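In what follows, a single structure is set out as structure tokens and then discussed.
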Amino acid sequence: MVAALVAGALFTQQLLWTPITAINMQDIVANQFKMSGAVFAGTDKNGEPFKLRAKTARQGYDTPDIIFMDQVSGNISRKSAGKKITDDISARTGQYNRSARNITLRGDVRVNSSNGDKILTEELVIKL
């Protein structure tokens, strides 16, 4: 009986198919390399450490050297007049370009330095 039902469906071509147009391939490709709670750490050209945290981070399929970050925070160390200064940073979004060795922060960018300096801006580029 079951075989007759299956055979009947095959012979009458009444099979149900999921149309390929229902799948959003752009969304799949855009989120193929997505991370939650991402942390990036390293040193700049002077050997000073940096550490960035992002609520979410992702790489574009066609731009593997750029990491797009959301809700970014972290700290960067630097030397000024022989003193070590630590900058605590935060921003809504950021881009970490590994090949160009820079970080571009955007949206409510805040920098609080250990020497008392404070910066509030919409965009900040940090060269590593």
Side-chain angles (χ1 to χ4, degrees):
M1 181 72 144
V2 174
L5 291 174
V6 172
L10 290 174
F11 290 122
T12 59
Q13 298 180 355
Q14 294 177 355
L15 296 176
L16 296 176
W17 296 95
T18 301
I20 196 74
T21 57
I23 299 172
N24 186 346
M25 291 306 291
Q26 288 181 341
D27 188 47
I28 290 171
V29 169
N31 293 308
Q32 187 172 6
F33 304 108
K34 190 171 185 178
M35 300 166 270
S36 296
V39 177
F40 307 97
T43 57
D44 66 10
K45 64 181 178 182
N46 298 320
E48 297 297 326
F50 71 90
K51 187 174 190 177
L52 294 175
R53 292 170 291 286
K55 185 173 182 180
T56 59
R58 63 199 173 285
Q59 287 178 287
Y61 185 75
D62 55 345
T63 54
D65 287 338
I66 299 175
I67 300 170
F68 300 92
M69 302 174 289
D70 298 307
Q71 296 182 356
V72 183
S73 64
N75 51 49
I76 296 175
S77 297
R78 60 188 168 93
K79 288 187 180 175
S80 178
K83 292 184 179 180
K84 187 172 185 172
I85 298 171
T86 301
D87 297 322
D88 293 322
I89 59 173
S90 65
R92 277 189 275 141
T93 65
Q95 290 181 11
Y96 173 31
N97 188 324
R98 296 182 304 168
S99 62
R101 301 213 22 99
N102 66 34
I103 302 164
T104 302
L105 301 170
R106 291 189 179 97
D108 297 326
V109 181
R110 296 178 186 273
V111 180
N112 293 317
S113 296
S114 60
N115 67 355
D117 291 344
K118 295 184 185 299
I119 298 172
L120 176 60
T121 185
E122 280 302 308
E123 182 175 282
L124 178 67
V125 177
I126 302 167
K127 295 185 180 189
L128 298 174

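All residue numbers refer to positions in the sequence shown, counting from 1. For clarity, every value in this text was computed on a predicted model and none was experimentally measured.
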Pairs involving residues 35-55, ordered by first then second residue, that meet side chain to side chain donor-acceptor pair (under 3.5 Å) (sequence neighbours left out): none
Measuring only between side-chain heavy atoms, which start at C-beta, is [X] closer than 4.5 Å to [Y]?
X	Y	result
Met35	Phe40	yes
Ile103	Leu52	yes
Glu123	Val109	no

Value rounded to 0.5 Å, distance of [atom1] in [X] from [atom2] in [Y]:
X	Y	atom1	atom2	result
Asn102	Leu124	CG	CG	10.5 Å
Met69	Ile67	CE	CD1	7.5 Å
Asp88	Lys118	CG	NZ	9.5 Å

Holding to side chain to side chain donor-acceptor pair (under 3.5 Å), I want the full list of residues that pass it with [X], two or more places apart in sequence or in another chain.
X	value
Asp108	Arg92
Asp70	Thr56, Arg58
Ser113	Asp87
Arg110	none

Side chain to side chain donor-acceptor pair (under 3.5 Å) evaluation trace for Asn97 with Ser99: CA-CA 6 Å; Asn97 188 324; Ser99 62; 3.0 Å; yes
From CA spacing to verdict: side-chain contact (heavy atoms from CB on, under 4.5 Å), Arg78, Lys83: CA-CA 8 Å; Arg78 60 188 168 93; Lys83 292 184 179 180; over 6 Å; no
Contacts of type salt bridge (Lys or Arg N to Asp or Glu O under 4.0 Å), residue Asp117, not counting sequence neighbours: none
Set of residues satisfying side-chain contact (heavy atoms from CB on, under 4.5 Å) with respect to Ser114, sequence neighbours excluded: Ile85, Thr86
All side-chain contact (heavy atoms from CB on, under 4.5 Å) counterparts of Ile119, not counting sequence neighbours: Val111, Thr121
Audit row: Phe50, Leu128, side-chain contact (heavy atoms from CB on, under 4.5 Å) steps and yes/no: CA-CA 9 Å; Phe50 71 90; Leu128 298 174; 3.8 Å; yes
Identified side-chain contact (heavy atoms from CB on, under 4.5 Å) counterpart of Leu105 within the set Ile126, Thr93, Val125: Ile126
